[in-house]
Amino acid sequence: MDETSIVWAPGRVNLIGEHTDYTGGYVLPMAIDLGITITFTESDGRLDLTSSIESERFICDLPVSDPRSLLPSWGRYPAGVAAVLGSTTGLAGRVDSTLPAGAGLSSSAALEVATALALGCEGTPAEIARICRAAETSATGVPCGIMDQLASAGGVDGHALLIDCRSESVTAIELPSEVRIVVIHSGQTRTLVGSEYAERRAQCEMAESLIGALRDAAPDAWRGIEDPMVARRARHVLSENHRVIDFVAAISAGDLVAAGRLMVESHRSLRDDFEVSTDRLDGLVARLLTTPGVHGARLTGAGFGGCVVALAEPNALDEGWDVRPSAGARRVR
Ligand code: GLA
(Lines give C-alpha, C1' and ligand atoms only; values in the text may rest on other atoms or scores of the structure.)
Protein backbone atom coordinates (compact mmCIF):
# COMPACT_ATOMS: atom_id res chain seq x y z
CA MET A 1 0.00 0.00 0.00
CA ASP A 2 1.30 3.48 -0.87
CA GLU A 3 1.47 5.49 2.35
CA THR A 4 2.61 8.69 0.70
CA SER A 5 0.40 11.65 1.52
CA ILE A 6 0.06 14.95 -0.31
CA VAL A 7 -1.02 18.38 0.96
CA TRP A 8 -1.45 21.59 -1.00
CA ALA A 9 -1.53 25.22 0.16
CA PRO A 10 -1.92 28.23 -2.13
CA GLY A 11 -0.11 31.55 -2.09
CA ARG A 12 -2.18 34.71 -2.05
CA VAL A 13 -2.43 38.06 -3.70
CA ASN A 14 -3.95 40.94 -1.81
CA LEU A 15 -6.35 42.99 -3.96
CA ILE A 16 -6.61 45.84 -1.46
CA GLY A 17 -6.20 46.50 2.28
CA GLU A 18 -2.47 46.74 2.88
CA HIS A 19 -0.87 47.14 6.30
CA THR A 20 -4.29 47.13 7.91
CA ASP A 21 -4.41 43.57 9.27
CA TYR A 22 -2.26 44.09 12.37
CA THR A 23 -4.50 46.87 13.64
CA GLY A 24 -7.64 44.77 13.28
CA GLY A 25 -8.73 46.38 10.02
CA TYR A 26 -10.07 45.06 6.71
CA VAL A 27 -8.21 43.24 3.94
CA LEU A 28 -9.29 41.66 0.65
CA PRO A 29 -6.85 38.96 -0.42
CA MET A 30 -7.56 35.90 -2.53
CA ALA A 31 -5.85 32.52 -2.55
CA ILE A 32 -4.30 31.88 -5.97
CA ASP A 33 -3.68 28.88 -8.18
CA LEU A 34 0.05 28.91 -7.46
CA GLY A 35 1.25 27.30 -4.29
CA ILE A 36 3.10 24.65 -2.40
CA THR A 37 2.72 20.88 -2.41
CA ILE A 38 4.31 18.63 0.19
CA THR A 39 4.56 14.94 -0.66
CA PHE A 40 5.50 13.05 2.47
CA THR A 41 5.42 10.08 4.75
CA GLU A 42 5.36 10.22 8.53
CA SER A 43 8.79 10.02 10.07
CA ASP A 44 9.52 9.51 13.71
CA GLY A 45 11.16 12.33 15.57
CA ARG A 46 12.31 14.63 12.80
CA LEU A 47 11.56 16.84 9.82
CA ASP A 48 13.46 15.77 6.74
CA LEU A 49 12.53 17.84 3.68
CA THR A 50 13.94 18.61 0.26
CA SER A 51 12.64 21.44 -1.92
CA SER A 52 12.25 21.95 -5.67
CA ILE A 53 13.45 25.55 -5.33
CA GLU A 54 16.09 25.26 -2.62
CA SER A 55 19.36 23.44 -3.11
CA GLU A 56 19.92 22.36 0.49
CA ARG A 57 17.96 19.65 2.26
CA PHE A 58 16.53 20.56 5.68
CA ILE A 59 16.72 18.14 8.59
CA CYS A 60 15.92 18.86 12.22
CA ASP A 61 15.06 16.85 15.31
CA LEU A 62 11.71 17.22 17.04
CA PRO A 63 10.55 18.78 19.25
CA VAL A 64 11.89 22.10 17.93
CA SER A 65 12.59 24.82 20.48
CA ASP A 66 14.31 27.62 18.49
CA PRO A 67 13.44 27.61 14.75
CA ARG A 68 15.42 30.82 14.13
CA SER A 69 18.72 29.09 14.78
CA LEU A 70 18.17 26.38 12.13
CA LEU A 71 19.73 26.06 8.68
CA PRO A 72 19.13 26.15 5.78
CA SER A 73 16.89 29.10 6.57
CA TRP A 74 13.92 28.00 4.41
CA GLY A 75 13.42 25.14 6.87
CA ARG A 76 12.63 27.60 9.66
CA TYR A 77 9.04 27.88 8.39
CA PRO A 78 8.14 24.19 8.68
CA ALA A 79 10.20 24.02 11.87
CA GLY A 80 8.27 27.02 13.24
CA VAL A 81 4.99 25.18 12.64
CA ALA A 82 6.31 22.04 14.34
CA ALA A 83 7.47 24.21 17.26
CA VAL A 84 4.06 25.88 17.69
CA LEU A 85 2.25 22.54 17.40
CA GLY A 86 4.75 20.85 19.74
CA SER A 87 5.03 18.04 17.16
CA THR A 88 7.09 15.00 17.94
CA THR A 89 5.93 12.88 14.99
CA GLY A 90 7.66 14.31 11.94
CA LEU A 91 7.70 14.18 8.17
CA ALA A 92 10.01 13.00 5.46
CA GLY A 93 9.26 14.35 2.02
CA ARG A 94 9.55 16.88 -0.74
CA VAL A 95 8.32 20.45 -1.06
CA ASP A 96 7.34 21.52 -4.60
CA SER A 97 6.53 25.14 -5.29
CA THR A 98 4.99 26.97 -8.21
CA LEU A 99 5.28 30.27 -6.31
CA PRO A 100 8.13 32.67 -6.94
CA ALA A 101 9.99 33.23 -3.65
CA GLY A 102 10.53 36.78 -2.36
CA ALA A 103 7.81 38.17 -4.63
CA GLY A 104 5.24 39.00 -1.98
CA LEU A 105 2.87 36.16 -2.91
CA SER A 106 3.22 34.55 0.52
CA SER A 107 5.31 31.52 -0.31
CA SER A 108 6.26 31.35 3.37
CA ALA A 109 2.61 31.37 4.53
CA ALA A 110 1.82 28.63 1.98
CA LEU A 111 4.72 26.54 3.28
CA GLU A 112 3.53 27.01 6.85
CA VAL A 113 -0.08 26.11 6.10
CA ALA A 114 0.94 23.06 4.03
CA THR A 115 3.20 21.94 6.88
CA ALA A 116 0.41 22.38 9.43
CA LEU A 117 -1.85 20.10 7.37
CA ALA A 118 0.96 17.59 6.87
CA LEU A 119 1.55 17.52 10.62
CA GLY A 120 -2.10 16.60 11.10
CA CYS A 121 -3.53 19.97 12.13
CA GLU A 122 -7.32 19.80 11.66
CA GLY A 123 -8.67 23.14 12.87
CA THR A 124 -10.79 25.72 11.08
CA PRO A 125 -8.99 28.01 8.61
CA ALA A 126 -8.78 30.70 11.33
CA GLU A 127 -7.28 28.23 13.82
CA ILE A 128 -4.73 26.98 11.30
CA ALA A 129 -3.92 30.58 10.34
CA ARG A 130 -3.28 31.55 13.98
CA ILE A 131 -0.87 28.64 14.42
CA CYS A 132 0.93 29.50 11.19
CA ARG A 133 1.16 33.19 12.01
CA ALA A 134 2.79 32.29 15.32
CA ALA A 135 5.11 29.98 13.36
CA GLU A 136 6.10 32.80 11.00
CA THR A 137 6.95 35.04 13.92
CA SER A 138 8.93 32.30 15.65
CA ALA A 139 10.76 31.52 12.38
CA THR A 140 11.60 35.08 11.35
CA GLY A 141 10.91 37.41 14.26
CA VAL A 142 8.58 39.44 11.99
CA PRO A 143 5.37 40.40 13.84
CA CYS A 144 3.09 39.81 10.84
CA GLY A 145 -0.70 40.01 10.78
CA ILE A 146 -3.18 37.21 10.04
CA MET A 147 -3.90 37.96 6.36
CA ASP A 148 -1.48 35.72 4.48
CA GLN A 149 -2.01 32.58 6.50
CA LEU A 150 -5.80 33.02 6.62
CA ALA A 151 -6.01 33.60 2.85
CA SER A 152 -4.00 30.43 2.20
CA ALA A 153 -5.97 28.33 4.68
CA GLY A 154 -9.44 29.71 3.88
CA GLY A 155 -9.46 30.51 0.15
CA VAL A 156 -12.74 30.10 -1.77
CA ASP A 157 -12.77 29.22 -5.47
CA GLY A 158 -13.79 32.19 -7.63
CA HIS A 159 -13.87 34.57 -4.67
CA ALA A 160 -11.77 37.09 -2.83
CA LEU A 161 -11.94 37.08 0.96
CA LEU A 162 -13.12 40.10 2.89
CA ILE A 163 -11.41 39.52 6.22
CA ASP A 164 -12.31 41.48 9.31
CA CYS A 165 -8.94 41.11 11.04
CA ARG A 166 -10.39 42.00 14.43
CA SER A 167 -12.92 39.16 14.57
CA GLU A 168 -11.00 37.09 11.97
CA SER A 169 -14.30 36.48 10.20
CA VAL A 170 -14.23 35.90 6.45
CA THR A 171 -16.85 36.86 3.86
CA ALA A 172 -16.37 35.41 0.38
CA ILE A 173 -16.79 38.06 -2.32
CA GLU A 174 -17.50 36.74 -5.79
CA LEU A 175 -15.22 38.17 -8.45
CA PRO A 176 -16.66 38.82 -11.91
CA SER A 177 -15.47 35.96 -14.12
CA GLU A 178 -14.52 38.29 -16.98
CA VAL A 179 -12.00 40.26 -14.95
CA ARG A 180 -8.35 39.29 -15.01
CA ILE A 181 -6.05 39.60 -12.06
CA VAL A 182 -2.44 39.84 -13.13
CA VAL A 183 0.57 39.82 -10.84
CA ILE A 184 3.75 41.36 -12.20
CA HIS A 185 7.13 41.23 -10.51
CA SER A 186 8.92 44.55 -10.25
CA GLY A 187 12.24 42.80 -10.71
CA GLN A 188 13.22 43.98 -7.25
CA THR A 189 13.53 41.32 -4.57
CA ARG A 190 12.02 42.55 -1.34
CA THR A 191 14.58 43.91 1.07
CA LEU A 192 14.36 45.35 4.60
CA VAL A 193 10.96 43.76 4.95
CA GLY A 194 11.62 42.51 8.47
CA SER A 195 12.96 45.65 10.12
CA GLU A 196 10.85 48.17 8.18
CA TYR A 197 7.72 46.09 8.72
CA ALA A 198 8.26 45.99 12.49
CA GLU A 199 8.90 49.74 12.44
CA ARG A 200 5.64 50.46 10.59
CA ARG A 201 3.77 48.29 13.02
CA ALA A 202 5.30 50.17 15.96
CA GLN A 203 4.31 53.48 14.35
CA CYS A 204 0.71 52.27 14.04
CA GLU A 205 0.77 51.29 17.72
CA MET A 206 2.05 54.77 18.52
CA ALA A 207 -0.87 56.26 16.56
CA GLU A 208 -3.30 54.01 18.46
CA SER A 209 -1.87 55.13 21.80
CA LEU A 210 -2.78 58.69 20.77
CA ILE A 211 -6.17 58.37 19.04
CA GLY A 212 -7.41 54.89 20.01
CA ALA A 213 -8.01 51.85 17.79
CA LEU A 214 -7.47 52.84 14.14
CA ARG A 215 -10.22 50.45 13.15
CA ASP A 216 -12.76 52.56 15.08
CA ALA A 217 -11.33 56.04 14.50
CA ALA A 218 -13.06 58.68 12.35
CA PRO A 219 -11.56 59.18 8.86
CA ASP A 220 -9.92 62.47 9.87
CA ALA A 221 -8.79 61.40 13.37
CA TRP A 222 -5.18 61.44 12.11
CA ARG A 223 -5.35 65.24 12.34
CA GLY A 224 -5.15 64.88 16.12
CA ILE A 225 -1.62 63.44 15.89
CA GLU A 226 1.19 65.99 16.18
CA ASP A 227 4.08 63.98 14.78
CA PRO A 228 3.63 64.34 10.99
CA MET A 229 5.11 60.93 10.22
CA VAL A 230 2.88 59.08 12.69
CA ALA A 231 -0.09 61.11 11.38
CA ARG A 232 0.66 59.97 7.82
CA ARG A 233 0.86 56.32 8.90
CA ALA A 234 -2.53 56.67 10.61
CA ARG A 235 -4.01 58.46 7.59
CA HIS A 236 -3.00 55.52 5.39
CA VAL A 237 -4.63 52.94 7.65
CA LEU A 238 -7.82 54.96 8.15
CA SER A 239 -8.27 55.62 4.43
CA GLU A 240 -7.25 52.08 3.42
CA ASN A 241 -9.90 50.48 5.65
CA HIS A 242 -12.53 52.58 3.86
CA ARG A 243 -11.12 51.72 0.45
CA VAL A 244 -11.49 47.99 1.17
CA ILE A 245 -15.20 48.40 1.91
CA ASP A 246 -15.67 50.69 -1.11
CA PHE A 247 -13.79 48.22 -3.33
CA VAL A 248 -16.07 45.37 -2.25
CA ALA A 249 -19.11 47.50 -3.13
CA ALA A 250 -17.62 48.47 -6.52
CA ILE A 251 -16.60 44.95 -7.52
CA SER A 252 -19.93 43.51 -6.37
CA ALA A 253 -21.71 46.06 -8.57
CA GLY A 254 -19.45 45.12 -11.50
CA ASP A 255 -17.93 48.62 -11.53
CA LEU A 256 -14.36 47.74 -12.46
CA VAL A 257 -13.45 51.34 -13.19
CA ALA A 258 -14.29 52.41 -9.64
CA ALA A 259 -12.52 49.33 -8.24
CA GLY A 260 -9.42 50.15 -10.29
CA ARG A 261 -9.45 53.75 -9.10
CA LEU A 262 -9.47 52.57 -5.48
CA MET A 263 -6.44 50.36 -6.18
CA VAL A 264 -4.56 53.36 -7.54
CA GLU A 265 -5.51 55.42 -4.47
CA SER A 266 -4.28 52.57 -2.29
CA HIS A 267 -0.94 52.54 -4.08
CA ARG A 268 -0.53 56.30 -3.69
CA SER A 269 -1.34 56.10 -0.01
CA LEU A 270 1.22 53.29 0.46
CA ARG A 271 3.75 55.38 -1.45
CA ASP A 272 3.20 58.77 0.17
CA ASP A 273 1.73 58.09 3.63
CA PHE A 274 2.95 54.64 4.57
CA GLU A 275 6.22 54.91 2.59
CA VAL A 276 6.59 51.25 1.68
CA SER A 277 6.82 51.62 -2.10
CA THR A 278 9.96 51.88 -4.22
CA ASP A 279 10.81 53.69 -7.47
CA ARG A 280 10.61 50.38 -9.30
CA LEU A 281 7.12 49.62 -7.98
CA ASP A 282 5.94 53.18 -8.71
CA GLY A 283 7.37 53.02 -12.24
CA LEU A 284 5.67 49.69 -12.91
CA VAL A 285 2.29 50.91 -11.63
CA ALA A 286 2.60 54.09 -13.73
CA ARG A 287 3.41 52.11 -16.86
CA LEU A 288 0.52 49.69 -16.31
CA LEU A 289 -1.91 52.55 -15.84
CA THR A 290 -1.08 53.87 -19.32
CA THR A 291 -1.93 50.45 -20.82
CA PRO A 292 -5.42 50.33 -22.38
CA GLY A 293 -7.72 47.88 -20.59
CA VAL A 294 -5.94 48.13 -17.21
CA HIS A 295 -8.45 49.40 -14.63
CA GLY A 296 -6.03 49.73 -11.74
CA ALA A 297 -2.74 48.56 -10.28
CA ARG A 298 -1.00 48.71 -6.92
CA LEU A 299 1.84 47.17 -4.99
CA THR A 300 0.71 44.05 -3.18
CA GLY A 301 2.05 42.61 0.08
CA ALA A 302 4.35 44.35 2.51
CA GLY A 303 6.10 46.48 -0.14
CA PHE A 304 9.82 47.37 -0.38
CA GLY A 305 9.98 45.50 -3.71
CA GLY A 306 8.15 42.41 -4.89
CA CYS A 307 4.99 42.45 -6.99
CA VAL A 308 2.25 44.67 -8.34
CA VAL A 309 -1.32 43.43 -8.82
CA ALA A 310 -3.38 44.74 -11.74
CA LEU A 311 -7.09 44.51 -12.52
CA ALA A 312 -7.44 44.24 -16.28
CA GLU A 313 -9.62 43.36 -19.23
CA PRO A 314 -8.90 40.02 -20.90
CA ASN A 315 -6.01 40.42 -23.39
CA ALA A 316 -4.95 43.80 -21.99
CA LEU A 317 -1.64 42.47 -20.65
CA ASP A 318 0.72 39.82 -21.88
CA GLU A 319 3.16 39.82 -18.97
CA GLY A 320 3.23 38.54 -15.41
CA TRP A 321 1.17 35.76 -13.87
CA ASP A 322 -2.53 35.50 -14.62
CA VAL A 323 -3.86 34.31 -11.27
CA ARG A 324 -7.25 32.81 -10.49
CA PRO A 325 -9.08 33.12 -7.17
CA SER A 326 -8.76 29.61 -5.76
CA ALA A 327 -9.80 27.29 -2.96
CA GLY A 328 -7.67 27.17 0.16
CA ALA A 329 -5.30 24.57 1.54
CA ARG A 330 -6.31 20.92 1.53
CA ARG A 331 -5.10 17.40 1.94
CA VAL A 332 -4.94 15.94 -1.56
CA ARG A 333 -4.20 12.37 -0.53
C1 GLA B 1 2.84 40.99 4.97
C2 GLA B 1 2.28 40.43 6.28
C3 GLA B 1 0.76 40.59 6.34
C4 GLA B 1 0.35 42.04 6.02
C5 GLA B 1 1.05 42.54 4.76
C6 GLA B 1 0.80 44.01 4.51
O7 GLA B 1 2.39 40.23 3.89
O8 GLA B 1 2.62 39.07 6.42
O9 GLA B 1 0.29 40.19 7.60
O10 GLA B 1 0.59 42.88 7.12
O11 GLA B 1 2.45 42.34 4.80
O12 GLA B 1 -0.55 44.24 4.22
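Just follow the structure's listing: the first ligand is 1, and inside any ligand the first atom is 1. Residues: numbered from 1 along the sequence shown.
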Got a donor-acceptor contact below 3.5 angstrom from the D48 side chain to the I59 backbone? no
Over 60° means perpendicular and under 30° means parallel, so classify the ring planes of H19 and F274, tilted if in between. tilted
Suppose we measure from atom 3 (C) of ligand 1 to each protein heavy atom; which comes out shortest, and what is that distance? D21 OD2, 3.3 Å
With respect to C144, determine whether any N or O atom, backbone or side chain, lies less than 3.5 Å from an N or O atom of ligand 1. no
Would you say the side chains of T50 and R57 form a donor-acceptor pair under 3.5 Å? no
Side chain, backbone, both or neither: which part of R201 has a heavy atom under 4.0 Å from ligand 1? neither
Counting only nitrogen or oxygen atoms and a 3.5 angstrom limit, does T20 reach ligand 1? no
R200 heavy atom under 4.0 Å from ligand 1: no
Looking only at distances, please establish whether an N/O atom of ligand 1 is found under 3.5 Å from an N/O atom of N14. no
All heavy atoms of D157 vs all of R324, minimum pair found to be OD1-NH2, 2.7 Å
Quick test: of every protein heavy atom, which one is nearest to atom 1 (C) of ligand 1, and how far off is it to 0.1 Å? D148 OD2, 3.7 Å
Short N-O contact, R46 and D61, less than 4.0 angstrom: no
